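Only one structure is covered here, and it is reproduced in the block below.
All values derive from a computational prediction rather than experimental measurement.
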Amino acid sequence: MNWKHDALAHDLAEYLRQNTARIVWEDMQLGPSGTARPDVYAIPCSLSKFCPVVYEIKVSVSDFRADVTAGKYTKYFAYASAVVFAVPEGMLKQVDIPEGCGLMVRKESGWHTLKGPAMRSVDNLPRDAWIKLVIDGIRRETERARVMMRSAPVYVDERRLAQRHGDEIASLVSQAYNAKVRLESAIKTQEKRRAEVFQQTEQEARWQREQIERQAESLNRTQRELANVLGLPENATVNHLTQAINSATYRLAQDAEVIRLRGLFSRLEDLLVSANQKLPGESTKAGVACKKQSIQPKGRLP
């Protein structure tokens, strides 16, 4: 099959929606004008495993080589744990793919992974990217569901269809209606999961901001106290504080009074050590005195 770019991208997006637990966006710009715009962008529906993946669609070898040579695909790593090239069968081989990237091919039987990507750690996305994905993404998903509903058969009573066209057609129409109901339920579940992911991300970002503010306040308080001790203004810079500390250290090392006091302290320590030593013969005299006291005759007063 001769695939066009947009058709291949949409085919991959539908495959991911139906076969993986992911939220999928097509041709979504991740922020204001000039930011990255992946062909297909997918985030797993998981609160513990945050690993978004960018799928770059290529339908010609020349376009692929131009992208790789210019390093265009590397800008996606700011928003994703991995980049996967998705192409028609037979267009590329595993050896053609840049190191760390993955490769998926579209065969007649469907999509197949030939090379898995190396997953990188991504803690979070920029605020603008989250806003874009949620606001524009919900609008697109709603419109997509609306189009699918419009193209679905209108519900008709199964018994009346059975009278006109037989049980087989009636059963098919009934199945289509049930599928529409399941689709609506799946969309609601997906929107709920998207809201939960967004709420958790906002809470984590607020906690990190508060922690940074507390650390900054503690550092500023310590810096002001040090400035007061050194006789500097409270708004003294780190460079000024460092110069003042070095200058004070040098003055103390060169001050004659400090040197004299150090000498006195050293001599006092030597005197204390000498005073704690026993006098010559002190132990012998004490032993003789104890011995005389122990041999006095009984009945006499000492």
Side-chain angles (χ1 to χ4, degrees), residues 21-38 40-55 71-83 100-101 117-142 188-252:
R22 301 183 188 183
I23 304 173
V24 182
W25 293 266
E26 299 176 50
D27 192 31
M28 175 68 73
Q29 190 165 16
L30 300 177
S33 177
T35 53
R37 193 185 190 100
V40 178
Y41 188 71
I43 296 179
C45 298
S46 171
L47 296 177
S48 60
K49 187 177 181 182
F50 183 70
C51 51
V53 178
V54 166
Y55 295 88
K72 174 187 171 185
Y73 69 95
T74 58
K75 67 182 179 181
Y76 295 129
F77 288 123
Y79 304 91
S81 297
V83 174
C101 296
M119 303 301 291
R120 302 165 180 256
S121 176
V122 176
D123 295 331
N124 206 340
L125 298 179
R127 178 176 176 270
D128 290 344
W130 277 121
I131 293 175
K132 185 73 172 177
L133 290 174
V134 172
I135 296 178
D136 201 8
I138 290 177
R139 180 184 60 80
R140 291 189 184 188
E141 189 65 24
T142 302
K188 291 180 180 179
T189 301
Q190 189 179 60
E191 291 178 351
K192 181 179 178 181
R193 289 176 177 173
R194 184 186 296 111
E196 291 175 350
V197 171
F198 182 74
Q199 182 180 6
Q200 183 189 36
T201 304
E202 282 293 309
Q203 291 175 351
E204 292 176 351
R206 183 168 59 254
W207 180 82
Q208 290 177 355
R209 286 196 301 270
E210 292 174 353
Q211 186 179 34
I212 292 174
E213 290 173 358
R214 288 194 298 269
Q215 292 175 350
E217 177 59 28
S218 177
L219 179 61
N220 291 336
R221 184 170 58 253
T222 303
Q223 186 172 336
R224 289 194 298 269
E225 293 174 356
L226 181 58
N228 291 332
V229 171
L230 296 173
L232 296 175
E234 289 188 351
N235 61 348
T237 64
V238 174
N239 188 33
H240 290 159
L241 291 173
T242 303
Q243 293 177 357
I245 292 172
N246 292 336
S247 177
T249 303
Y250 178 78
R251 290 197 306 272
L252 288 175

Q | Partner set under side-chain hydrogen bond (donor to acceptor under 3.5 Å, both in side chains) for W130, not counting sequence neighbours | A | N124
Q. Taking the side chain as C-beta and beyond, is there a heavy-atom pair between L133 and L125 under 4.5 Å?
A. yes
Q | Residues that R37 engages under side-chain contact (heavy atoms from CB on, under 4.5 Å), provided they are two or more places apart | A | D27, Q29, R140
Q. Who are the side-chain contact (heavy atoms from CB on, under 4.5 Å) partners of T242, not counting sequence neighbours?
A. V238, N246
Q | Check: Y41 side chain, Y79 main-chain N or O, donor-acceptor pair, under 3.5 Å | A | yes
Q | Residue list, side-chain contact (heavy atoms from CB on, under 4.5 Å) with Q211, at least two apart or on another chain | A | W207, R214, Q215
Q: Quick one: list whatever passes side-chain hydrogen bond (donor to acceptor under 3.5 Å, both in side chains) with Y76, sequence neighbours left out.
A: E56
Q: Would you indicate whether the side-chain heavy atoms of Y73 and V54 approach each other to under 4.5 Å?
A: no
Q.
Looking at S121, is its backbone amide N or carbonyl O close enough to the side chain of S81 to form a donor-acceptor pair, meaning the two atoms are under 3.5 Å apart?
A. no
Q. If every non-hydrogen atom of P52 is compared with every non-hydrogen atom of I43, which pair is closest and at what distance?
A. CB-CG1, 3.7 Å
Q: Check P44 against C51 and note the closest heavy-atom contact, atom names and distance.
A: CD-O, 3.5 Å
Q. Of all heavy-atom pairs between I23 and C45, which one has the smallest distance, and what is that distance?
A. CG1-SG, 3.7 Å
Q. Passes side chain to side chain contact (heavy atoms under 4.5 Å, CB included), K75 versus T35? Steps please.
A. CA-CA 9 Å; K75 67 182 179 181; T35 53; over 6 Å; no
**Q.** Contacts of type side-chain hydrogen bond (donor to acceptor under 3.5 Å, both in side chains), residue T237, not counting sequence neighbours
**A.** H240
Q: Indicate yes or no: at least one non-hydrogen side-chain atom of F77 is less than 4.5 angstrom from one of V122.
A: no
